[in-house]
Amino acid sequence: MSTCYQTSLRTFLEHESGIKTKHQAKELHARIIRTIAPVSAILNSKILSIYSNFNLLRDSLTLFNAIDSPQPTKAWKSIIKCYASSGFFLNSLTFFNGMRAEGRIPDRNVFPSVLKSCVQLRDLRLGESIHGCVITLGLDSDLYTGNALMNMYAKLQFLKDPQVFDKMPERKKQTSGFWNGLVGYNYPDELDLNLRSGGVGLDYDMTEQAIKLGALGMDTVSKVFEMMPIRDVVSWNTVIGGNVQSGRYMEALGMLREMGCADLKPDSFTLSTVLPIFAKYVDIKKGKEVHGFAIRHGFDGDVFIGSSLIDMYANCTRVDDSYKLFCLLPQRDAVSWNSMIATCVQNGRFDEGLELFRQMLRDNIGPAEYSFSIIMPACAHLTTLNLGKQLHAYVIRAGYDENIYVASSLVDMYAKCGNIKIARWIFHNMEIQDSVSWTAMIMGYAIHGLARDAILLFEKMQMEGVQSNSVVFVAVLTACSHAGLVDEAWKFFNSMNNHGIPPELEHYAGLADLLGRAGRLQEAYDFISSMHIKPTGSVWSALLSACRVHKNIEMAEKVAKEIFIIDPEYTGAYALLSNMYGVAGRWKEAQKLRITMKRKGMTKKPACSWIEVKNKVHAFVAGDKSHPLYDQINEALEEILEQIEREGYVPDTSEVLHDVDEEQKRFAVSTHSERLAIAFGIMSTTAGTTIRVTKNLRVCVDCHTAIKFISKTMGREIIVRDNIRFHCFKDGSCSCGDYW
DNA sequence: ATAGGGTTAG
């Protein structure tokens, strides 16, 4: 017996380092069972530790249960490690607890796993308690344990932020301690019985010690870091990462330099940790330096660095550079795809973003929650309601509809695509809403001209204690603007200071626009002149458009002069003023401006309208005959125009600037892009179907009148989204009440 | 034991 045992032990020791595969491990185990019986607890624990290193959870558990109680420390440690690396964090902690109950002393090898479980369960309190335990055992000088501790504090620092914590749904908080964490946590059936082990609660006495460590969040990370006697690259990467996550970019970069002084070279982890800083700061120079460093050190094929770089170039609006990088990546994972899609969408390349999204699906990369919140704004901008609905269906099937990012982007998409009812439904059914969700909904009401709903919702948002931000004020001002609510707008604008939100260009532009539209041109002029920040061409141009609407050419000249000084390259001003001169019959002045524009190489933004029919987007540019069905469309349009003229429609050509005869003017108006899109919509859908058209510029007065007639004569609801708002035409009138 | 991507904007 004893010789047999000795032999097998020798065999075991000879083989231990040679075991490279799971199969070999099982083979060895089988051989040991054949050779000796019974196998000692020590030997079984050794096999168990080999199994656990291969993450053979089931085999490890079987073996653990086969060992007579009390199991050796080694056996406990192996199970804890195996549970943690298999994703069963609660079970891992239960075993840790059980091990302590048995009087076993944990060592440096087990703490990293235990701390990882705390992170995954977001149990900061338990983590702190374990930190105390580490200190008591004198293990706080261990490199691995120290790194794991820092990681724990860095990842859970957000729990210290009451703003963040309060916004979390109840069931996700799970910070009230270990045992509360048991509620609602699922573990697989076959592992069920192993939960019985720990009957004794954790000794929270240790918590006191952990608390004595003092400060919150990132300070704790730094404290652990400073007390570590030995630090490696991982230690540095962890502190730097912690600093980045808490927005302390300068500290992060300072530590990057210090790391070099400590004679440690940044690795691929370091680089992809600091790259988001340069992305955020739009610092292309520093970003490129990192890129160069990555190439020189052979990190440029790394997927992590790749997507960080794509993102960095995208933030610096270098879309082509991002795309080049994306193409050069040796392999692409879900994040690389999402980064590239986000690059396109966030830089206005919606079609390319959608095409890449399709390619990603074809490449069998399943879309994640991220993917949908990235792609939805593309649908919102393009008004592709059908596509948006298909994606929404995918979201529901995948169970992503509870994600706050996804849900907010859906609210926005439906609102922008003209379906305010569904937007509202989604918004109200969200478990929690953050300021972005509220803003999306308020903005949705605003662009539909539902000012009262927008304001009520904004008031409700404040009553619920949701922090206002700069964007939500843009939304509220927009709402006021579309309804001509001057007094309310002033009230909101002035209240921004009480919220500690300084007005930005958008807010000034919003109020200037509002005053202008309401005909208070002088008030608007004085307002812009007294701005606390320097107005830009776009702020003044809001007033310039108002001058056109209210036909005040003197004020227009004054405003245009301001724009020519501040922003001489601002095309809109030349075109608008020239247009006004044309309408007033001052052809010479109009022509002079057009010549200036030509000399400066300025071109007017071409008017474009589009419509989604049978999942395909059809775009129309005024006067462009390239659509394959152009002749048919034109014929249909002629017919419609004849019909509405019989109903009393009289073309209004006063806004046409060209010095041409009446017949030509009529032609110019009648081929406006939105008419082509509407005519195409009517001829290619069944009677009664709602027509949804999007235009990149404002609808002109004549088209607005014509569409009102069309809606009545053809018995169609026609929803036009121009660059400012929605116009819902029905039975001869428009939802904007002719104020836009 | 460490890393990358997300929603709102006249």
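Sequence lines set the chain letters: A, B, ... in the order given, protein chains first and strands last, and positions in each chain run from 1.
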Inset, instruction - Round to a whole Å and report the spacing from CG of Asp513(A) to P of dA9(B). - result: 16 Å

Inset, instruction - Report yes or no: is there a donor-acceptor pair, N or O only, under 3.5 Å between the side chain of Ser339(A) and the base of dG5(B)? - result: no

Legend entry - Short side-chain N/O contact to dT2(B) OP1/OP2 from Asn151(A), under 4.0 Å: yes

Inset, instruction - When you get a sec, tell me which of dT2(B), dG4(B), dT7(B) is the closest nucleotide to the side chain of Lys155(A)? - result: dT2(B)

Legend entry - Closest to side chain of Val436(A), choosing from dT7(B), dG10(B), dG4(B): dT7(B)

Inset, instruction - Just compare dG5(B), dA3(B), dT2(B) and give me whichever is closest to any side-chain atom of Thr273(A). - result: dA3(B)

Inset, instruction - Kindly indicate whether the side chain of Ser272(A) and the base of dA3(B) share any N or O donor-acceptor pair separated by less than 3.5 Å? - result: yes

Legend entry - Nearest heavy-atom neighbours spanning Ala440(A) and Asp412(A): CB-CB, 4.1 Å

Legend entry - Heavy-atom neighbours of Tyr323(A) OH exceed 12 at 6.0 Å: no

Inset, instruction - Describe the nucleic acid contact of Glu504(A) in one word from base, sugar-phosphate, nothing, applying a heavy-atom distance below 4.0 Å. - result: nothing

Inset, instruction - Go through dA9(B), dG6(B), dG4(B) for me and flag the one nearest to the Phe304(A) side chain. - result: dG4(B)

Inset, instruction - Kindly say if Gln346(A) contacts the phosphate of dT7(B), meaning a side-chain N or O under 4.0 Å from OP1 or OP2. - result: yes

Legend entry - Protein-nucleotide distance (Ile420(A), atom CD1; dT8(B), atom C1'), rounded to Å: 14 Å

Inset, instruction - Mark yes or no: Arg108(A) above the aromatic ring of Tyr144(A), with NZ or CZ under 6.0 Å from the six-membered ring centre and no more than 45 degrees from the axis. - result: no

Legend entry - Closest to the Val474(A) side chain, choosing from dT8(B), dG10(B), dG4(B): dG10(B)

Legend entry - Side-chain donor/acceptor of Ser308(A) to base of dG4(B), under 3.5 Å: no

Inset, instruction - Give a yes or no on whether the ring-centroid distance for Tyr394(A) and Tyr400(A) is below 6.0 angstrom. - result: no

Inset, instruction - Classify the side chain of Asn338(A) and the base of dG4(B) as holding, or not holding, a donor-acceptor pair under 3.5 Å. - result: no

Inset, instruction - Give a yes or no on this: more than 12 heavy atoms of other residues, nucleotides or ligands lie within 6.0 Å of atom NE2 of His428(A). - result: yes

Inset, instruction - Return the stacking result for dG6(B) and Tyr370(A): yes when the ring centres lie under 5.5 Å apart and the planes under 30°, no otherwise. - result: no

Inset, instruction - Flag the pair Trp438(A) / Phe458(A) as yes when their ring centroid distance falls below 6.0 Å, and as no otherwise. - result: no

Legend entry - For atom NZ of Lys416(A) and atom C1' of dT7(B), their distance in whole Å: 10 Å

Legend entry - Closest to the Asp232(A) side chain, choosing from dG10(B), dA3(B), dA1(B): dA1(B)

Legend entry - Among dG4(B), dT7(B), dA1(B), the nucleotide that comes nearest once only the side chain of Val234(A) is considered: dA1(B)

Inset, instruction - May I ask you to say what Ser235(A) touches in the nucleic acid, namely base, sugar-phosphate or nothing, with a heavy-atom cut-off under 4.0 Å? - result: nothing

Legend entry - Distance, rounded to the nearest Å, where Ile240(A) contributes CD1 and dG4(B) contributes P: 12 Å

Legend entry - Check: dT7(B) base within 3.5 Å donor-acceptor of Ser408(A) side chain: yes

Legend entry - Nucleotide nearest Asn147(A) when distance is taken to its side chain, options dA1(B), dA9(B), dG4(B): dA1(B)

Inset, instruction - Please determine, for the side chain of Asn469(A), which listed nucleotide (dT8(B), dG5(B), dA9(B)) has the closest atom? - result: dT8(B)

Legend entry - Residue Tyr405(A), side-chain atoms from C-beta onward, closest of dA9(B), dT7(B), dG4(B): dT7(B)

Legend entry - Separation of dT2(B) C1' from Arg231(A) CZ (nearest whole Å): 16 Å

Legend entry - Whole-Å distance separating the CD atom of Gln331(A) from the P atom of dG4(B): 18 Å

Inset, instruction - Look at the side-chain N and O atoms of Lys280(A) and state whether any lies under 4.0 Å from the OP1 or OP2 oxygen of dG5(B). - result: no

Legend entry - Distance in angstrom units between Phe473(A) CZ and dA9(B) C1', rounded: 14 Å

Inset, instruction - Identify whether any heavy atom of Val303(A) sits under 4.0 Å from a base atom; if not, whether one sits that close to sugar-phosphate; answer base, sugar-phosphate or nothing. - result: base

Legend entry - Spacing between Ile533(A) atom CD1 and dG10(B) atom C1', to the nearest angstrom: 14 Å

Legend entry - Ring-ring centroid check Tyr570(A) Trp540(A), cutoff 6.0 Å: no

Legend entry - Donor/acceptor link under 3.5 angstrom from Asp302(A) side chain onto base of dG4(B): no

